[in-house]
Structures are given as C-alpha cells and as structure tokens.
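Throughout, protein chains are lettered first and strands after them, A, B, ... in sequence-line order, and every chain is numbered starting at 1. No experiment lies behind these values; they were computed from the predicted model shown.
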Amino acid sequence: MSLKKRAIIDEKTVAYVRQLAALNLTPDQIKQFAPQLSTVLSYVAQIQELDTKQVPETHQVTYQTNVFRPDVIDTSRCLSQAQALENAPQTHHGYFVVKSIF
Amino acid sequence: MLLDQSIHQISTLLRQKNLSSVELVTEAYQTIKEINPQINAFITLVEQNLALKQARNVDQNRVKFTSPLAGIPYLLKDSYVTQSLRTTAASAVLQNFIPPYSATVYHRLEDSGAILIGKMNMDAWGHGGSTENTDFKPTKNPYELSRVAGGSSGGPAAALACRLAAFAIGEDTGGSIRNPAAWTNTTGLKVTYGRVSRYGCIAYASSFDTVGPMAKTAADCALVLKAIAGQDPYDATSAVQPVPDYYQKLTQSLKGKTIGIPTDLYGDGLDEPIKTAILKQKKVFQALGLKLVELKMPLLRYGLAVYYLIGLSETSSNLARYDGLRFGQDRHFFTTETMRRIMIGTYALSAGYYDAYYRQAQKGRTLLIREYDQAFTHCDVLLMPVNPISPPKFGELIADPLTNIMADIYTVTQNPVGLPSLAVPCGFTPNQLPIGLQLVGQLFAEDLLLAIGHQYQQVTTWHLQKPQLL
C-alpha cells in the first residue's frame with residue numbers, strides 16, 4: 001500500500017494515536033481531526049519521493065560528538081526539594097501526589 | 001521617541017549621562033500603556049516599579065556596567081523561563097507557572113545590565129506562524145490591526161515595531177523570528193544551531209530550536225548577539241566556536257562576496273509584489289560590492305515535509321512532560337492546533353510508520369544539508385523570500401491546515417540544517433504591508449549576514465518606517 005493511501009487517517013486511528021499521546025479528545029474532536037490529520041500526512045508523505053538509498057540519517061546538527069562534562073555535582077545547578085515541589089498541585093510530605101495506576 | 005534611536009546611540013547617551021535609564025524605561029511604559037491595548041503584544045508586563053528600580057541601579061552605578069546593553073529595556077518571548085516571573089509559552093497549561101530557575105539568555109542579559117520589561121505573546125509552544133494559536137488572545141499587526149503580526153514570535157515583533165523596547169529575544173524553529181520580523185518591518189536573526197544557549201528555552205523541536213535577537217536593525221542585533229552567544233556548560237548542544245565581535249565586524253568589506261539567488265524559490269506560490277520588492281534589492285547589494293549569481297535548489301521543495309515530520313515528532317516527545325503532576329495544568333488545556341501537532345508527531349513515530357515517516361525525514365535532512373553545501377560552493381550567502389504572502393487577516397491562515405503549512409515554505413529548511421539567517425525589511429506592498437527578505441549563511445556566518453544587513457540598512461530606509469498608529 002502506498003504511503004499516500006496509508007496516510008488517510010480514520011477515526012479508529014485517531015482514537016489510537018490520542019491514546020499513545022495521552023490526550024483527551026471528545027468524540028467530536030476525533031471526528032474533526034481525522035480529515036485534518038489526513039490532509040497533513042498526505043502532504044508530508046511526499047517525503048517518500050526522495051531517493052534515500054545509501055543516505056545516512058542526520059539526527060542533530062551540532063556537528064559535534066560526545067560532549068562530556070566532569071562527573072561532579074554542581075550544587076548551584078540543583079533545585080532544593082522545596083523548589084522542585086513548589087509548583088505541584090498536590091504534594092504530601094515531600095512527594096508529588098499522583099493518581100494510582102493500579 | 002527615545003527608543004527610535006539605535007542601541008549604540010542610546011548607550012552613548014546613557015554613558016555620557018545625557019540620558020538616564022529611568023527616562024528610557026519611563027518612555028517605554030508610557031508607550032506600552034497607550035499602544036499595547038491595541039496590539040496585545042504582552043502576556044506579562046514586568047511591574048513598572050521593579051523595572052525603574054533596576055534603571056536607577058544602572059544610572060547610579062554606571063562605571064560597573066560596561067556593556068552597551070546596560071540600562072536598556074528589552075523583551076523576552078514567553079518561551080524563556082524567568083525565576084519568580086510567570087512564564088507561559090502562551091499556553092493555558094502554564095497559565096500560572098512560576099519557574100524556579102531562569103534561562104541562560106536571561107542571566108546573560110541581566111549580567112549586562114539590560115532591563116527586562118515584558119514576557120511576550122507567541123503561538124503556544126512555538127506552534128504557529130501568526131500568533132493566533134495563543135491562549136492569551138492574538139497579537140495584532142501594528143501596520144494593520146485586522147491582520148496578524150506573524151509568528152510564533154509575534155508579540156516581540158509587534159512590540160518592537162511600536163518602539164515598546166529596544167530589543168527582544170525571540171525563538172526560531174522554522175521561521176518564528178524571521179516570519180514576524182518580515183511582517184512587522186523589523187529585523188530578526190535566526191542563529192546557527194547552538195550559537196546561543198537553549199538552557200531555559202521551552203522546547204518545541206530540540207534539534208531545530210534557536211535563540212535569537214530581534215530589533216530595529218542588524219547593528220542592534222549584533223550588539224545583542226555579542227552578549228548572548230557562546231558556549232554554555234548547561235547546554236550540551238551549545239557551540240564551542242568563539243564569539244566574534246559582531247558589532248566591530250559590521251563594517252567588514254563585502255567586495256568579492258557573492259549572493260546566490262535560488263530561482264526556483266521565486267516562481268509559483270510567491271506573491272508578485274513580494275517577489276518584485278526582493279529582486280529590486282539586487283541593485284542595492286551590487287552597489288555594496290557584492291556579486292550575484294543565480295542557481296537552483298530543487299530539493300528545497302521537500303523542506304516542509306522534512307521540517308514537519310521531524311519537528312512534530314520532536315514536539316510530541318517534548319510535550320509529553322506536561323502532565324500537570326509536577327507543575328502546570330493537565331493536557332486538557334492544550335489548544336486544538338497543539339493537539340493536532342502532537343498527534344501527527346506521535347503517528348510519525350509509531351510502530352509501523354517510524355521508518356516511512358520519521359526515519360525517511362532524517363535521511364531527507366541529510367539531503368537538505370548536501371543541497372545547501374552544494375549551493376554554497378557557488379556563493380557565500382543566499383537571498384530568499386521570508387513569507388510567500390502578505391500578513392493575512394485573522395482566521396485566514398489557520399482556516400486550512402495545508403495553507404498554514406505552505407506559508408512556512410521559505411523558512412523551514414534552514415533549521416534542519418542548522419544554518420543562520422537574517423531577515424530585514426525591504427519594502428511595502430501596494431497596500432502598505434511590510435515585506436522582508438532573508439540572507440541565509442553558512443554555519444557561524446552571523447558576522448557576514450549582519451554586515452550585509454547593516455550596510456544594506458545604511459543605504460535604505462525601509463527599516464526606519466513606523467506604523468501609523470504611533
């Protein structure tokens with residue numbers, strides 16, 4: 001199946017992707033997104049036209065490799081526990097409170 | 001207006017005590033009071049008393065502050081964290097977020113004695129080219145209030161056009177400094193990837209994002225760049241290349257340098273008045289001593305696909321951290337446009353599609369690098385349009401996902417390759433809307449771009465024009 005054909009996103013796919021992305025969408029939004037995402041993906045699918053045989057991927061353009069620093073703690077860079085917690089909606093004895101997953 | 005002057009002029013007056021920073025900051029706040037309600041450029045205005053306190057400190061301790069930026073009011077796009085000062089990235093997710101630390105660019109400007117007076121409106125998370133995708137109401141183009149200011153650094157650009165400050169720090173991932181600069185008759189510089197530290201910059205696409213200066217002129221940008229550029233141990237991707245004296249190099253000789261014109265970019269899809277205005281500047285560049293050559297860059301037409309596939313994949317990953325558990329509100333508060341971008345990125349990275357989309361785009365990125373390398377064997381700098389159209393009316397650009405994407409066509413290829421580019425004003429359309437051109441350089445060629453921009457601005461007056469509402 002050509003990429004262009006696969007690029008047509010149906011509502012089932014939108015529902016699956018929204019789950020992967022941890023987004024909450026209303027049924028109306030899922031309906032709206034399907035054709036919109038399809039339009040964009042159909043356009044970017046032209047990436048397939050490029051001849052990339054033997055072409056390596058470029059992941060970053062620092063044109064540097066292996067940037068290291070000494071394995072030493074710089075306390076001026078650290079947030080205190082209080083600072084780290086100060087923006088949380090719910091904390092308990094120095095912990096972030098989150099919904100139970102079990 | 002005091003803020004009509006260049007940073008160098010203002011700095012000289014301050015140093016000679018013919019002007020005080022207090023007067024400068026006071027003028028800024030007066031203009032802001034009058035003008036901001038009409039353009040909505042600010043998300044957070046720094047309390048005037050705080051700014052004046054800083055101004056008095058600089059005035060009283062002149063000797064301590066040697067930087068030309070000392071005592072000068074500036075703005076930050078609201079994508080830079082500032083300790084104890086609300087930072088939102090224009091998203092409801094961070095509506096009340098008070099950061100516990102500050103961005104390196106902020107630290108460097110504080111050290112220079114510059115005075116922050118505002119956190120500016122933008123497209124949320126950088127997602128947009130019109131500052132309409134914001135949870136803080138759109139920013140209006142000061143040249144015509146029914147039209148967009150551009151984006152995603154629309155707030156800083158509109159504010160500078162109205163002389164609300166002397167300079168701003170924007171952020172450019174796919175044109176976000178250059179697009180609004182061109183649509184508001186101001187100057188903006190997208191730097192080489194890594195030239196300026198991204199520490200404290202709220203990430204959109206981490207391998208594309210750049211931190212850059214926006215101001216009235218290339219000369220002003222040069223002064224700002226000198227203060228903010230340079231390696232940062234807090235940003236492992238920051239460049240180790242030494243920082244030249246950009247201001248001193250503005251007057252370097254341009255004789256023998258060549259500007260390449262990729263003719264494929266000047267065909268279909270580019271509005272006629274914009275094309276005419278830009279190509280008219282060839283004579284000006286020639287008079288400065290530059291040679292011109294025409295060339296072709298056919299692979300650039302895949303730039304949008306490369307940019308959107310990699311950019312949205314990276315943003316889907318970066319925005320995964322906003323869970324509302326440690327800070328901010330939860331993911332319900334993302335705008336529709338942001339959710340669309342996260343979804344496309346997630347899809348492109350998902351099992352079964354990763355190779356065809358994301359990996360293929362990374363290979364396409366290598367091909368773009370080669371395309372530019374090839375072009376630069378014929379020239380030193382490339383002359384390109386910035387925007388294919390004039391600033392649209394509100395709602396026009398975002399009505400259709402494809403129109404929205406295509407508007408970025410000229411500014412998305414530089415970021416995947418890491419190249420710098422300077423946008424400067426070069427004319428107006430028949431209905432008085434600003435037009436900008438961009439000069440794209442090789443890695444770390446900011447000094448050449450700024451020199452060409454500066455010398456161009458010495459013999460043209462587009463950049464001196466101001467919107468009628470002032």
I'd like to know if the side chain of [X] and the backbone of [Y] have a donor-acceptor N/O pair within less than 3.5 Å.
X        : Y        : answer
B/Gln360 : A/Ile47  : yes
B/Thr346 : A/Ala21  : no
A/Gln64  : B/Ser238 : yes
A/Gln36  : B/Arg340 : no

Is it the side chain or the backbone of [X] that comes within 4.5 Å of chain A heavy atoms, both, or neither?
X        : result
B/Ala320 : neither
B/Asp323 : neither
B/Leu299 : side chain
B/Gln241 : neither
B/Leu325 : both

Checklist line | Inter-chain contacts: residues 300-319 of chain B against chain A, heavy atoms under 4.5 Å | finding: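 Heavy-atom contacts from residues 300-319 of chain B to chain A are B/Arg301, B/Tyr302, B/Leu304, B/Ala305, B/Val306, B/Tyr308, B/Leu309.
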
Check: Using non-hydrogen atoms and a limit below 4.5 Å, what part of residues 328-339 of chain B faces chain A?
Finding: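 Heavy-atom contacts from residues 328-339 of chain B to chain A are B/Gly328, B/Arg331, B/His332, B/Phe334, B/Thr336, B/Met339.
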
Heavy-atom cut-off 4.5 Å, strictly under: side chain, backbone, both or neither for [X] against chain B?
X       : result
A/Phe68 : neither
A/Glu86 : side chain
A/Leu79 : side chain
A/Arg69 : neither
A/Asp74 : side chain

Note to self: I need the residue from A/Val67, A/Asp51, A/Leu85 with the largest number of non-hydrogen atom pairs under 4.5 Å to chain B.
What the structure shows: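 Winner by heavy-atom pair count: A/Val67.
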
Note to self: Among A/Val97, A/Thr13, A/Val55, which residue has the highest count of heavy-atom pairs closer than 4.5 Å to chain B?
What the structure shows: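 Sorted descending by pairs with chain B, the first entry is A/Val55.
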
Next item on the list: Output the residues of residues 25-35 of chain A for which the shortest heavy-atom distance to chain B is under 4.5 Å, in residue-number order; output 'none' if no such residue exists.
Entry: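 Within residues 25-35 of chain A, near chain B: A/Leu25, A/Gln29, A/Phe33.
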
Margin query: List the residues meeting side-chain hydrogen bond (donor to acceptor under 3.5 Å, both in side chains) with B/Thr403, not counting sequence neighbours, and say none if there are none.
Written below: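 side-chain hydrogen bond (donor to acceptor under 3.5 Å, both in side chains) list for B/Thr403, sorted by chain: B/Asp400.
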
Check: Hey, is B/Arg365 close enough to A/Glu57 for a salt bridge, meaning N to O under 4.0 Å?
Finding: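 So B/Arg365 does not pair with A/Glu57 through a salt bridge.
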
Checklist line | Stepwise side-chain hydrogen bond (donor to acceptor under 3.5 Å, both in side chains) check, B/Thr237 with A/Thr62 | finding: CA-CA 6 Å; B/Thr237 64; A/Thr62 62; over 6 Å; no

Check: Minimum heavy-atom separation for B/Gly324 to A/Pro89, with atom names?
Finding: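 Looking at all heavy atoms of both residues, the closest pair is O-CG, 3.3 Å.
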
